[in-house]
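What follows is one structure encoded as structure tokens, with my remarks underneath.
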Amino acid sequence: MAASESQTATETMKLEVFRFLPDEGELPNFQTYEVPYRDDWVVLDALNYIKDEIDGTLSYRWSCRMGVCGSCGMMVNGEPKLTCSAFLRDYYPNQIKVEPLNYFPVIRDLIINMDQFIDKLGEVKTWLIPAEEKSVDEGEYLQTPAQLAKYKQYTMCINCMLCYSACPVFGQHPDFLGPAAIALGQRYNLDSRDGGADERADVLFSNEGIWECTFVGECSEVCPKNVDPAGAIQMAKVTATNDWFKGLLMPKGKKKSGGDQ
Amino acid sequence: MGSSDSTCLSHDILIVGGGGAGLRAAIAIGEENPDLTVGVISKIYPMRSHTVSAEGGAAAVIQSSDSHDHHCYDTISGADWLADQDAVETFVEEAPRELLQLEHWGCPWSRNPDGTVAVRPFGGMKIERTWYASDKTGFHMLHSLFQTAIQYDNVTRYDEWFATKLLIEDGRCQGVAAVELGTGQVRAIGGKGVIMTTGGAGRIFPFTTNAAVKTGDGMALAYRAGVALKDMEFVQYHPTGLPGTGILITEASRGEGGVLLNKNGERYLANYDLGEAVDVNDERHPVKRTMELGPRDRLSQAFELERQKGNTLQGEYGDYVHLDLRHIGEKKINKKLPFVRELCQNYVGIDPVHELIPVRPVIHYMMGGIDTDLQAATSLPGLFAAGECACVSINGANRLGSNSLTELLVFGARAARSAVRFAEQNSTINKQAITAQATQEQTRIREQFFQPGKGTETIASIRVDLNRALEQGAGIYRTEESLQTACDQVRELKERYKSVELADHSLTFNTELIAVLELGSLLDVAEAVTHSALQRRESRGSHQRSDHAERDDEQFLKHSLAYQTDGNPRIEYSDVSITRWPPGDRVYGSK
Amino acid sequence: MTNRTGNTTTTERQLIRKMPANWWLKKPAYLRYMIREMTCLFVGGYAMFLLMLAARLDKPEAFADLLASPLAIALQWIALPMAIYHSVTWFNLTPKVLVIWRGEDKLPGFLIAGAHYAGWLAVSAGLIYFAMSGGTDG
Ligand SMILES: Cc1cc2nc3c(=O)[nH]c(=O)nc-3n(C[C@H](O)[C@H](O)[C@H](O)COP(=O)(O)OP(=O)(O)OC[C@H]3O[C@@H](n4cnc5c(N)ncnc54)[C@H](O)[C@@H]3O)c2cc1C
Ligand code: SF4
Ligand code: FES
């Protein structure tokens, strides 16, 4: 194998990669590649090496290579990971198994279909529905650092889908809104500028929404950006329950929900 | 779902690119003209676009101590007087409204204790005016735009479609041909007005902050269709990238007080006419428009000169200097620069709270691009362009940090308005003709790349050689000879490109096909860069010629325009618009 | 009211991977979750048992018999660790449900969980005290 670029390229490492090529009509299988080992390489570097030097047919997504675009999520030894921040040195000298993210349909090789997720964002209405209209000419909505802090964590989601592939509930019910979509709904519900919690409640607080969640909690464990979607869901459950009680006590007078967390 | 017409998809306005500029344009139409239909084509999911990586912030005048004139002057002097001053004035005037608009769409801008939007200083600025969302500004802007755009049902998204050709009929751009990655089919997508927002082309160089997708496709499509690429010789080096990966350490780290040190621990910038080194614990530090807050071209050049003196450190990935943030303290770093800390910990294994960050100049931004006017219109009727792929120009010979994110919004919205006006007057699309063109395009692509045994070249080998040619020939300092060599090499590589052989001939998600199409774009963009640089025999901003060390306003206070021909590109020149700021010296450091 | 999609891909040719029945054995965290879920059966069972005891409150002999039956003793031995596991896992999760803000900072999770543990200890101590002292009084 051509390992021209480095002095230490005598060391190599094996990658066992999931292959699925619908055009060839073949059943999914694994293919093993040997790549040079470098301690500053991430799994994505190894895949790029394979694509450039060994097998141009291997397909996967990537772009930023700095953990912010959310493209490169895959199962690495059974764990959902951003391959641009999973270092070979953490696995060396053992073989690494790379598969497409769990529970999603596979389009080809390591590429999953995540279109449904974006539809879910639309259902949840992940955009600002202003609590009070204000024209741009009147300047910004004031928001103190403390108000910002209440929802900031949930804005950090890079839509990488790792949380979905850690969620057995999503695995069994693909219609479950899932961790990231709910966290993004909460992100707007908790934003002091937003007044759309009621509009989101139907979808967010439905059986496909928060009540489908049984609190496995793994979504938050695998999230590379500390979004803590599990926390978002549980807080939403508290809000929904409070709303329900309020609804019992005063059935007519609709109360603003969500914002009081 | 989608348009049901199986032969030709079409929309009133077609936007190619789903980054900051593309989404801003889409929302502009969604908001203002809900009756018009919009198509947004993006080769990756829009929220993955490269805008997502931008860290530091977006500039607009908001403080009462600031003024439009200050912002104009900083931009124009930063640009070494090559920016069009009418464009800069328009940009500066519309900037605050655009950033406020984004605030109304939910962007989580960092705030002052009283709840107003906070600003930080950036390089080359007299007064701080950079709005930021900690150090993930582009990320928050892009996701806010994307999540806002989702709500419009007059917008049809073509996610993971790759545009390969402009479809021109009756002298008017009426759409593009694009490969749907999922099926491998090439389809015509019509638009009465077409807006290019495909971003930059940093990937012509090996060592860049740019994401893999920044391959200059839109520039190449326009160039091939006879539109000029303007000021392509101006390529920005950012002074602080991580060696090896090229990952950016934002200028905000210097805006917050970070300093650059050579191997002797000296603040070497003081030796390069960038002002005096005020102690980091002095209240005045960091002094705006001096030292670490000088413009990027000057800082990158200082590094190169320091390297020649042997004052830099040597590492596995070449020479580097140190960025010192330690005095800023853990609390402030966590609050204002958390991503910088995360990146350093992940990719270099150091903690900037206690350790020095190794950095070196890295290719960052294309000042040049598709030649447009103030209305974002190109010379091809029906074709508009905005964002990094376009050149209005407000960036001239050197962009000021944090002007680009704002530019996406200002000119994204302008392009949308212009395209709508154009579409009202040109309401027909010759569907039959453009469909036929797309069919031809499909045949061309399959014949060129899916013929077994035809070629001997691999994508990787050509890409590596191209990267090397550009780095050696068109780096921070350039000469006639180095550029001539680079031009020749690019021409050879274009020859070699014709015999690339693909291993992958399948239709479903053929990423190798996309890679070879992107390589084609890189080659065309590189051709324009090297030839424009060869012809500009002066030094200005980011274009430094060791053999022509002075700025030459007499001959070269002009925009270059590269036109593709069968042989070498033809380089023409056009005037720079000067309104109120006659060309002067760029003074950083002294009052 | 959301975007339309121009994509014409169909899921037909895509690979749908079935979740294996033993998915919960694939990861220690899943197994811990399953145990937590299962322990609720025992917690529930013990609650039933308490109800049965309550029904015998006016018949001291029947109450004592039930309490002393081998089955009941076995149940209590099993239910105790289960209930403890159940409580501990849930207490550890309380910081996710209950977030208390102090300005821009969250109250640290260990304080929230800690407060729950403290409450648990206090209630248990109270109960034990009551059982000890109440038991002798009759
Ligand atoms: C690391 C980094 C940090 C930066 N930080 C700052 C900063 O702090 N402040 C600042 O002002 N600027 C910053 N910049 C610059 C700024 O981020 C970019 O100039 C800007 O984001 C470009 O946006 P865009 O919308 O023009 O293009 P992009 O965001 O790059 O989007 C291009 C779009 O076009 C699509 N596309 C491209 N080719 C095709 C094709 N052939 N077919 C279909 N679709 C296609 C892509 O899918 C994508 O959606 C930074 C740049 C980098 C690299
Ligand atoms: S919540 Fe976390 S894991 Fe889930 S998509 Fe967002 S960033 Fe990824
Ligand atoms: S490549 Fe962007 S997150 Fe990994």
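Letters A, B, ... mirror the listed sequences (proteins, then strands); counts begin at 1. Since the model is a prediction, treat every value here as computed from it, not as a measurement.
- Taking a cutoff of 4.0 Å between a charged side-chain nitrogen and a carboxylate oxygen, B:D504 and A:R108 qualify as a salt bridge.
- Only the side chain of B:I44 has a heavy atom closer than 4.5 Å to any heavy atom of chain A.
- Ranked by heavy-atom pairs under 4.5 Å with chain B, the first of A:E24, A:K125, A:K134 is A:K134.
- Interface residue A:P22: only side-chain heavy atoms are found under 4.5 Å from chain B.
- Ranked by heavy-atom pairs shorter than 4.5 Å toward chain A, the options B:F339, B:W109, B:Y45 are led by B:Y45.
- In this structure, chain B has a heavy atom under 4.5 Å from the side chain of A:I111, while its backbone stays farther away.
- Side chains of B:T198 and B:D217: no donor on one and acceptor on the other come within 3.5 Å.
- For A:N48 and A:Y60, the side-chain atoms include at least one donor-acceptor pair closer than 3.5 Å.
- Counting heavy-atom pairs closer than 4.5 Å to chain B, the top residue among A:L21, A:I107, A:L121, A:I118 is A:I118.
- Between the side chains of A:D194 and A:Y141, no donor-acceptor pair is found at a separation under 3.5 Å.
- Residue A:S135 touches chain B through its backbone alone, counting heavy-atom pairs closer than 4.5 Å.
- In this model, no donor atom of one side chain and acceptor atom of the other lie less than 3.5 Å apart for A:K51 and A:T57.
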Are A:E123 and A:R200 close enough, and set up right, to give a salt bridge (Lys or Arg N to Asp or Glu O under 4.0 Å), and what steps lead you there? CA-CA 8 Å; A:E123 287 166 33; A:R200 293 186 198 99; over 6 Å; no

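- Options A:C69, A:S59, A:G67 differ in how many heavy-atom pairs under 4.5 Å they form with chain B, and the most are formed by A:C69.
- In terms of non-hydrogen atom pairs under 4.5 Å with chain A, the most contact-rich of B:H143, B:R48, B:H50, B:Q147 is B:R48.
- Looking at B:F139, only its side chain comes within 4.5 Å of chain A, counting heavy atoms on both sides.
- Of the listed residues (B:A149, B:S461, B:S506), the greatest number of heavy-atom pairs within a distance under 4.5 Å of chain A belongs to B:S506.
- Residue contact with chain B, scored on non-hydrogen atoms closer than 4.5 Å, involves the backbone and the side chain of A:D115 alike.
- Between A:V98 and A:M75, the closest side-chain pair of non-hydrogen atoms is not below 4.5 Å.
- Heavy atoms closer than 4.5 Å to chain A are found in the side chain of B:E55, but not in its backbone.
- Between chain B and the options A:F87, A:W62, A:W127, heavy-atom pairs under 4.5 Å are most frequent for A:W127.
- Both the backbone and the side chain of B:T508 come within less than 4.5 Å of a heavy atom in chain A.
- For B:N112, the part lying near chain A is the backbone, with the side chain staying farther off; criterion is any non-hydrogen pair under 4.5 Å.
- When B:E342, B:Q151, B:E160, B:M47 are compared by the number of non-hydrogen pairs under 4.5 Å with chain A, B:Q151 comes out ahead.
- Remark: the A:S63 side chain and the A:S71 side chain contain no N/O donor-acceptor pair separated by less than 3.5 Å.
- The closest side-chain donor-acceptor pair between A:D191 and A:Q147, if any, does not fall under 3.5 angstrom.
- In this structure, chain B has heavy atoms under 4.5 Å from both the backbone and the side chain of A:R65.
- A salt bridge links B:R111 with B:E103: at least one charged nitrogen is closer than 4.0 Å to a carboxylate oxygen.
- Residues B:K43 and B:E518 are paired through a salt bridge, judged by an N-O separation under 4.0 Å between the basic side chain and the carboxylate.
- Only the backbone of B:T208 has a heavy atom closer than 4.5 Å to any heavy atom of chain A.
- Using a distance-only test at 3.5 Å, with no hydrogens or angles considered, no donor-acceptor pair links the side chain of B:N510 to the main chain of B:L181.
- Ranked by heavy-atom pairs shorter than 4.5 Å toward chain A, the options B:I62, B:T51, B:L502, B:N346 are led by B:N346.
- Here B:C107 is the residue among B:S144, B:S110, B:C107, B:P96 with the most heavy-atom pairs under 4.5 Å with chain A.
- For the residue pair A:D55/A:Y33, the side-chain donor-acceptor check at 3.5 Å is satisfied.
- Ranked by non-hydrogen atom pairs under 4.5 Å with chain B, the options A:S192, A:G122, A:G139 are led by A:G139.
- Proximity to chain B (any heavy atom under 4.5 Å) is shown, for A:C72, by neither the backbone nor the side chain.
- Side-chain N/O atoms of A:D40 and B:Y317 include a donor and acceptor closer than 3.5 Å.
- Listed for the B:R120 side chain is a donor-acceptor partner under 3.5 Å among the backbone atoms of B:S134.
- Listed options A:V136, A:T144, A:L184 were ranked by heavy-atom pairs under 4.5 angstrom with chain B; first place goes to A:V136.
- For B:K214, no part sits under 4.5 Å from any heavy atom of chain A, backbone or side chain.
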